[in-house]
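Down below is the structure, laid out as structure tokens.
Keep in mind that what you see is a predicted model, and the values were worked out from it rather than measured. We're numbering straight along the sequence, starting at 1.
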Amino acid sequence: MQNEIKNWTAANIPQRNNGLAVITGSTEGIGYEDALALSSSGWNVIMMGRIAEKGAESIAKIHEINPKAKVSFEKMDLADLSSIKAFASKMILKGQAIDLLINNAGVMTPPKRLETANGFELQFGTNHIGHFALTAQLLPLLRKSQSARVITVSSIANREGIINFDDLQSKSSYAPGKAYSQAKLANLMFALELQRQSEKHGWGIMSMAAHPGVSRTNLLITGAGRWSAAGIARTFLPFLFQPSAQGALPTLYAATSPDAKGGLYYGPNKMSETRGFPSIAKIPAQALDINVSLKLWEVSQALAKVEF
């Protein structure tokens, strides 16, 4: 497949009458657009978030657009390993194969250092460790599928990221953007390593990463704050950001296209990958370091108290 994927949109998603998709952070933004597009294409979608009321509102919005959509909501907090464990245990008990897991939820640049319920720096703990733990615990159900895919959403901010094993939790010094870049680099490295591990162990799972470019979501406002530089730009200069439905396309392409390949990274195709249609994104050099990726995998297993 060539780098340019000609103007692929949600209309190109293959229709299907079955298939279970689990999407974190899907009550708004990119995750909501993923849920809308997939449910409109026949998928059975589990939308996930921390607030049940927002889940109900999002499902109502989807049903207004598509009354036949098969969507449900499950409450889970990625910043709490016990919440992740409870959800995974519930899914394991049901025993239904998961065909698609989209690790989409994220926390972005809170101005002060915050911690998860387990004492991790909030961005690293939620964006990376939370999704790492969730994927590990859902692995038996992913392996039950004939063609499972795991899509982990990263960000162009990963270009500035460095995995600092001496201070993964930013305890020595906390810079919001630096911590976010590290977490998003970890997301990308996890996606690439998951593909290698799947091939090594014969799990039959395709793992890919995607990023939305610069998209119009509430992530900047809820993270850095409305009156941060980024939040002000998002509020008063919306034309700088592409719509969230457009930003969701690289994730949806990776999730559904028969041409998508495991171990690749997808993003928008124009203006340094900040906007446009899906194409193969450039992987930053630091994400290609297999030794660092493997060490991050091992450290993450210990922190998340899981094994693949």
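Geometrically, K282 does not engage Y265 in a cation-pi contact, judged by NZ or CZ lying under 6.0 Å from the ring centre and within 45° of the ring axis.
Within 6.0 Å of CD on E160 lie no more than 12 heavy atoms contributed by other residues, nucleotides or ligands.
Linking ILVMFWY side-chain heavy atoms closer than 4.5 Å, directly or via other members, places L78 and M48 in a single hydrophobic cluster. With hydrophobic clusters built from ILVMFWY side chains whose heavy atoms lie under 4.5 angstrom apart, L194 does not share a cluster with I283. Residues L252 and M47 fall within the same hydrophobic cluster, defined by Ile, Leu, Val, Met, Phe, Trp and Tyr side chains chained together at heavy-atom separations under 4.5 Å.
Ring-centre distance between H211 and Y266: not below the 6.0 Å cut-off.
Screening M76, K75, R50 for a side-chain contact (heavy atoms from CB on, under 4.5 Å) involving S83 leaves a single residue, M76.
Using a 4.0 Å cut-off between a side-chain N of Lys or Arg and a carboxylate O of Asp or Glu, E121 and R113 do not qualify as a salt bridge. For R159 and E273, the salt-bridge test passes: some basic side-chain N is under 4.0 Å from an acidic carboxylate O. Using a cut-off of 4.0 Å between Lys/Arg side-chain N and Asp/Glu carboxylate O, E199 and R196 are scored as not salt-bridged.
No hydrogens or angles considered: a donor-acceptor pair under 3.5 Å links the side chains of D99 and S145.
Side-chain atoms of Q96 do not come within 3.5 Å of backbone N or O of L20 as any donor-acceptor pair. Remark: side-chain polar atoms of S198 are paired, donor with acceptor, to backbone N or O of I205 under 3.5 angstrom. A distance-only check finds no donor-acceptor pair linking the side chain of E193 to the backbone of W297 [under 3.5 Å]. In this structure, the side chain of D289 engages the main chain of V292 through a donor-acceptor pair within 3.5 Å.
Distance CG/L36 to OG/S26: 11.5 Å, rounded to 0.5 Å.
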Donor-acceptor contacts under 3.5 Å from residues 123-138 side chains, at least two apart:
{"residue": "Q123", "atom": "OE1", "partner": "T109", "partner atom": "N", "Å": "2.8"}
{"residue": "Q123", "atom": "NE2", "partner": "Y174", "partner atom": "OH", "Å": "3.1"}
{"residue": "Q123", "atom": "NE2", "partner": "P176", "partner atom": "O", "Å": "3.3"}
{"residue": "T126", "atom": "OG1", "partner": "L122", "partner atom": "O", "Å": "2.8"}
{"residue": "N127", "atom": "OD1", "partner": "V107", "partner atom": "N", "Å": "2.8"}
{"residue": "N127", "atom": "ND2", "partner": "V107", "partner atom": "O", "Å": "3.0"}
{"residue": "H128", "atom": "NE2", "partner": "S300", "partner atom": "OG", "Å": "2.7"}
{"residue": "H131", "atom": "ND1", "partner": "N127", "partner atom": "O", "Å": "2.9"}
{"residue": "H131", "atom": "NE2", "partner": "T24", "partner atom": "OG1", "Å": "2.8"}
{"residue": "T135", "atom": "OG1", "partner": "N103", "partner atom": "ND2", "Å": "3.1"}
{"residue": "T135", "atom": "OG1", "partner": "H131", "partner atom": "O", "Å": "2.8"}

Compile the donor-acceptor pairs under 3.5 Å between side chains in residues 87-94 and protein atoms, sequence neighbours left out, one pair per line.
{"residue": "S89", "atom": "OG", "partner": "K85", "partner atom": "O", "Å": "2.8"}
{"residue": "K90", "atom": "NZ", "partner": "E74", "partner atom": "OE1", "Å": "3.0"}
{"residue": "K90", "atom": "NZ", "partner": "E74", "partner atom": "OE2", "Å": "3.3"}

(message) Does F277 form a ring pair (Phe, Tyr, Trp, His ring centres under 6.0 Å) with W8? I'd like the steps, not just the answer.
(response) CA-CA 6 Å; F277 293 95; W8 191 93; 9.5 Å; no

